2 protein chains.
Amino acid sequence: MSEPSAYQHLKSIVQIQLPHLNEQDFSFFEENGEIITLEKNETWELEGKVSQYMAFVHYGLMRQFGINDGNEFTVDFFKEGEFAGNYISFQNNLPSELITQALEKTELIVLSFKRFLELVEMLPDLQAFSDMVGNQKLLKMHRRNNTLLKNSPEERYDLFVEDHQDLIHRIPQYIIAQYLGIRPESLSRIRKRRM
Amino acid sequence: MSEPSAYQHLKSIVQIQLPHLNEQDFSFFEENGEIITLEKNETWELEGKVSQYMAFVHYGLMRQFGINDGNEFTVDFFKEGEFAGNYISFQNNLPSELITQALEKTELIVLSFKRFLELVEMLPDLQAFSDMVGNQKLLKMHRRNNTLLKNSPEERYDLFVEDHQDLIHRIPQYIIAQYLGIRPESLSRIRKRRM
DNA sequence: CGATTTCATTGACTTTGGTTAAGAAAGTAA
DNA sequence: TTACTTTCTTAACCAAAGTCAATGAAATCG
């Protein structure tokens, strides 16, 4: 039995919301998407330009990060079955301050935001799916905000372990530290206390 | 000359986006909105229930905050001409963890999210306005996130002063401290260094 | 495989922010 | 105005995270 393709994977995710989506409808993705494979540490999008693309992660793991006087801060992770991109940059026509980089060998379906919006025009059913994805991102950002405000670095680490059990062994510690907003040495000490 | 009413104020804000909105169209707001006046420290929405309402601030100032083992954390401020509400709670049918409270005597136009969405159905022009407001909120949340991750409390204070020049004398220090994610004593020390 | 680079941990020390407690200043109400 | 409450500041002390440097482990690469 062969591995499911990236498009089959995407289709299966879309169909959770839209069970009646047929092959014809779905073909739009194949016609407009582009498959990209990234090696570990390769970047997909750089900062400084207005983001034009979204990406569906077929397999692998990426992070989105920025740099502030030489220090990296990691904003988010995108794993298999999730969508990556900087819609805020696209929507507001603002240069992205974020870099997207593969933490593992990663395969993506890349689609331009513009074309995706055209697709939604043509297939209004897709609106519900698009809203769902956008809404999940929003909820995630809202929770991240609250956590950064109300929890200590130590609590944030515990919550990260709870919520991302599957990722803790796929992400280097110094990047988890960036995500928590602390230095790697501090994370190392927190982990020591936890043993 | 009489003061402009709350509805005139709202209309003037909507018309920035929609110059062609006529009185007829606009009457929907007056028919479906409710004017509420809050005294200083009065709460508008409490936590624990799914949010159903949005509010336009005619005059005054509100804050949105949560409580985490007895400690308050302030998420956002809403001043005159801005929109308050917890759309994420409404949209996801999740009980809000946030309380909205007036920091000054405040007058609001309150409108249910549900009715507002119906209004947008009836007047598709309003979609652009609604999108603009939603988009501004999103951008604001994105920036807040980045700031909490990449800037020190001291830098966050400086940025707050820059970005909210008009608010620093209207918000008690201990609430600004909550917004910055630090204790009031720490804010006091930071302010002392700034002199 | 060994050589090299990257990453994680540890220790000593510094800095920053949190805690507690007290008192000053400002705001509010009688 | 006084009396009362709330908010802000200060100080001394503590705890946590940052910094710097060294070491060792793990991953990567030729």
Side-chain angles (χ1 to χ4, degrees), chain A residues 38-43 60-61 63 65 67-74 77 99 101-106 147-161 167-195, chain B residues 38-43 60-61 63 65 67-74 77 101-106 147-161 164 167-195:
Chain A
L38 300 172
E39 295 304 316
K40 182 173 177 176
N41 294 328
E42 255 192 285
T43 55
L61 178 61
R63 70 162 174 146
F65 71 104
I67 301 173
N68 193 238
D69 14 78
N71 296 315
E72 296 182 358
F73 59 98
T74 290
F77 300 107
I99 299 162
Q101 177 192 41
L103 296 174
E104 303 171 354
K105 186 177 184 193
T106 297
T147 293
L148 288 169
L149 262 185
K150 76 183 185 193
N151 297 113
S152 66
E154 193 150 344
E155 290 169 330
R156 294 204 290 275
Y157 174 69
D158 290 340
L159 289 168
F160 183 83
V161 173
L167 295 186
I168 48 178
H169 298 299
R170 296 168 67 183
I171 304 172
Q173 311 267 0
Y174 76 98
I175 288 177
I176 295 177
Q178 286 175 18
Y179 183 80
L180 299 176
I182 59 178
R183 306 257 121 215
E185 296 92 331
S186 297
L187 178 55
S188 185
R189 283 178 195 124
I190 287 171
R191 283 161 48 81
K192 199 175 179 183
R193 279 180 238 149
R194 289 277 159 286
M195 297 191 305
Chain B
L38 300 172
E39 295 304 317
K40 182 175 175 175
N41 294 329
E42 254 192 285
T43 54
L61 178 62
R63 70 162 175 147
F65 71 103
I67 301 174
N68 194 238
D69 11 80
N71 297 314
E72 295 182 359
F73 58 100
T74 291
F77 300 106
Q101 178 193 41
L103 295 174
E104 303 171 353
K105 187 179 183 190
T106 296
T147 294
L148 288 170
L149 260 186
K150 77 183 185 194
N151 297 113
S152 66
E154 195 149 344
E155 291 168 329
R156 293 204 292 273
Y157 175 68
D158 290 341
L159 289 168
F160 183 82
V161 173
H164 305 277
L167 296 186
I168 47 178
H169 299 299
R170 296 168 68 183
I171 303 172
Q173 311 267 0
Y174 75 97
I175 288 176
I176 294 177
Q178 286 175 18
Y179 183 80
L180 299 176
I182 58 178
R183 304 260 121 210
E185 295 89 337
S186 298
L187 178 54
S188 187
R189 283 191 281 235
I190 288 171
R191 283 161 50 81
K192 198 176 180 182
R193 279 180 238 150
R194 289 275 159 287
M195 297 192 307

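Here the structure is a predicted model, which means the values were calculated and not measured. Residue numbering restarts at 1 for every chain, and letters A, B, ... go by the order of the sequence lines.
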Phosphate OP1/OP2 of D:dA17 contacted by A:Arg193 side-chain N/O (<4.0 Å): yes

Would you indicate, yes or no, if C:dT28 has its OP1 or OP2 atom less than 4.0 angstrom from a side-chain nitrogen or oxygen of B:Lys40? yes

Looking at B:Lys105 and B:Glu42, is there a salt bridge between them, counting it only when a charged N and a carboxylate O are closer than 4.0 Å?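 Salt bridge flag = no for B:Lys105 with B:Glu42.
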
Is it true that B:Lys150 and B:Glu155 make a salt bridge, defined as a side-chain N closer than 4.0 Å to a carboxylate O?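 Between B:Glu155 and B:Lys150 there is no salt bridge, as every charged N stays at least 4.0 Å from the carboxylate O atoms.
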
Value in whole Å for how far the [atom2] atom of [N] lies from [atom1] of [X]:
X        : N      : atom1 : atom2 : result
B:Arg183 : D:dC8  : CZ    : P     : 14 Å
B:Asn71  : C:dG17 : CG    : P     : 17 Å
B:Arg191 : D:dT10 : CZ    : P     : 10 Å
A:Arg170 : D:dA27 : CZ    : P     : 16 Å
A:Ile176 : D:dA17 : CD1   : C1'   : 18 Å
B:Ile175 : D:dC8  : CD1   : C1'   : 13 Å
A:Glu154 : D:dA15 : CD    : P     : 14 Å
B:Ile182 : D:dA17 : CD1   : C1'   : 15 Å

For residues 178-188 of chain A, please give each side-chain donor-acceptor pair under 3.5 Å, one per line with the distance, not counting sequence neighbours.
from: A:Gln178; atom 1: OE1; to: A:Arg63; atom 2: NH1; distance (Å): 2.8
from: A:Gln178; atom 1: OE1; to: A:Thr74; atom 2: OG1; distance (Å): 2.7
from: A:Gln178; atom 1: NE2; to: A:Glu72; atom 2: OE1; distance (Å): 3.1

Base D:dT19 to side chain A:Arg189, donor-acceptor N/O within 3.5 Å cut-off: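 A donor-acceptor contact between them is present.
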
State which residues pass salt bridge (charged side-chain N to carboxylate O under 4.0 Å, His left out) with A:Arg170; sequence neighbours excluded, sorted by chain then number. A:Glu80, A:Glu104

B:Ile67/B:Phe65 under side chain to side chain contact (heavy atoms under 4.5 Å, CB included): CA gap, chis, key distance, verdict: CA-CA 7 Å; B:Ile67 301 174; B:Phe65 71 103; 4.2 Å; yes

Estimate the overall bend of the helix from C:dC1-D:dG30 to C:dA30-D:dT1 from the end axes over five pairs each, rounded to 10 degrees. 50°

I want to confirm an ordering. Mapping A:Glu185 and B:Lys192 to their closest nucleotides on DNA chain D, which one lands closer to the 5' end?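 Its nearest nucleotide lies further toward 5', so the answer is B:Lys192.
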
Quick one: on DNA chain D, does A:Leu187 or B:Ser188 contact a more 5' nucleotide (nearest heavy atom)? B:Ser188

Which residue lies toward the 5' end of DNA chain C, B:Gly181 or A:Gln173, if each is placed at its nearest nucleotide?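 Whichever sits nearer the 5' end wins; that is A:Gln173.
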
5'-most contact on DNA chain C (nearest-nucleotide basis), A:Ser186 vs B:Ile190, goes to A:Ser186

Separation between OG of A:Ser152 and CD1 of A:Ile190, rounded to the nearest 0.5 Å: 7.5 Å

Could you grab the distance from atom CG of B:Leu38 to atom CG of B:Leu103, nearest 0.5 Å is fine?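 Result: 10.5 Å between the selected atoms.
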
